[in-house]
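Both ligands and their constituent atoms are indexed starting at 1 by order of listing. Keep in mind that the numbers below use all heavy atoms, side chains included, and drop hydrogens, waters and symmetry copies.
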Amino acid sequence: MSVKVSRNIQMVDLVGQYEKVKTEIDSAIQEVITSSRFINGPSVKEFQADLEKYLGVKHVIPCANGTDALQIAMMALGLKQGDEVITANFTFAATVETIAFLGLVPVMVDVDPTTFNIDIKEIEKAITPKTKAIVPVHLFGQCADMEPILALAKKHNLFVIEDTAQAIGADYIFADGKKKKAGTIGNIGTTSFFPSKNLGAYGDAGALYTNDDALAKKCRMIVNHGQSTQYNYEILGVNSRLDSLQAAILKVKLKHLDSYAAARNKAASYYDHAFSPLSLDNRAKGEGWERSSGAGGEVKIKTPVRSKNSTHVFHQYTLTLNGVNRDKLKEHLASKEIPSMIYYPVPLHSQPAYKHPVNEKRTYPVTDKLCASVISLPMHTELDEETLKYITDSVLEFCNK
Ligand SMILES: *Cc1c(COP(=O)(O)O)cnc(C)c1O
């Protein structure tokens, strides 16, 4: 039987996380208010420099949110109306929204059933003479397989824009063992500091990263109305700045990012272990639902598969269900005051806003299946064993019925 815990369980516990760094955060906020340099204050430059160092990238360009970051990246790369941009169908809407918003053509392709990340074979099939860029999304906290994506991009002369909103801090591991931080591998990377992201601000915030000096310069102009110098508008821009308060908060939290990732990994390992009696061996690859070891019985849950070429920062802990009624499981958990979420319930190609003839003849068997069978459990930095036990016991109780 699962024993109820006292703490209010949430998908993300931002208050618990804040309590641990309260003194530092409060004084950082106070400093900005006292200085009254709310826009482009020193905290923005300081956070930018700290993040450049952390990521090992030449340029970080702070901006107002992760959606803007994607839009600014595509503007800076000079993508033109009608250019085709290939991205994953199984992602948060912003990726596709920004492509469509700029009058580009979002060519959505299916994902890999084991990692949930964009399927390389599908990218290759979708390339046409109009293709100008690929936007891999590092979904749920681990990197898409960048090496073959870079090879395709090189062969077809395409830009690579990495949507790193869910995977800040993850390492991509190249075949030769070399590592690079997610978002610093392609031409440009974008991220979000939305409060529930792994490095969350206390409001909206985002950034772009690049090693390309000219591209960085262009992004810096675009975020600030396209100005090269004050009142000289060289290119079309937007107003998308990171405000000083958010930068001050992020600067404090960045110091803890690796320990946050470790806490998330610890919770993920607890989940994996607890679900192992019902689950596919975590190391087993392939879409099959057969057991990889000798144990009998039907496999009911697939725990997240760790890709061999990426570390995982567990933005989400997402199960794939097999023969388990998802709605009923969700209800069962809710009755025990355990929240759960469906990321993502509806494939983007079938959303009215993003319907495009280019995707009409395409099929998305993996995305369709995932949208119908995934469920994400509470995942954050403050999950203790008592809570994890209560959650996993409750899931197992339902699945073993
Ligand atoms: C959150 C997110 C975004 C958008 O970030 P915002 O800061 O909310 O605008 C873009 N892409 C992905 C994959 C995301 O998860």
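Residue pairs meeting the salt bridge (Lys or Arg N to Asp or Glu O under 4.0 Å) criterion with at least one member in residues 233-246: none, sequence neighbours excluded.
Heavy-atom contacts of G66 reach the following atoms of ligand 1: 4 (C), 5 (O), 6 (P), 7 (O), 9 (O) (cutoff under 4.0 Å). Those atoms of ligand 1 that come under 4.0 Å of a heavy atom in A165, given as number and element, are 2 (C), 3 (C), 10 (C), 11 (N), 12 (C), 14 (C), 15 (O). Near N65, meaning under 4.0 Å from any of its heavy atoms, are these atoms of ligand 1: 7 (O), 9 (O).
Remark: minimum distance from atom 9 (O) of ligand 1 to any protein heavy atom is reached at T67 OG1, 2.5 Å. Of the protein's non-hydrogen atoms, the one nearest atom 2 (C) of ligand 1 is K197 NZ, 2.6 Å. Protein heavy atom in closest approach to atom 11 (N) of ligand 1: D163 OD2, 2.7 Å. What sits closest to atom 15 (O) of ligand 1 on the protein, heavy atoms only, is Q166 NE2, 2.9 Å.
Remark: F174 engages Y172 in a ring pair (Phe, Tyr, Trp, His ring centres under 6.0 Å) (not counting sequence neighbours).
More than 12 heavy atoms of other residues, nucleotides or ligands shown are found within 6.0 angstrom of CD1 on I39.
E162 and H138 share a donor-acceptor pair across their side chains, judged by distance under 3.5 Å alone.
Contacts between V137 and ligand 1 below 4.0 angstrom, taking non-hydrogen atoms only, involve the side chain exclusively.
Put simply, the side chain of I168 does not reach to within 4.5 Å of the side chain of V313, judged on heavy atoms.
Ring geometry for Y271 versus F275: interplanar angle under 30°, hence parallel rather than tilted (30 to 60°).
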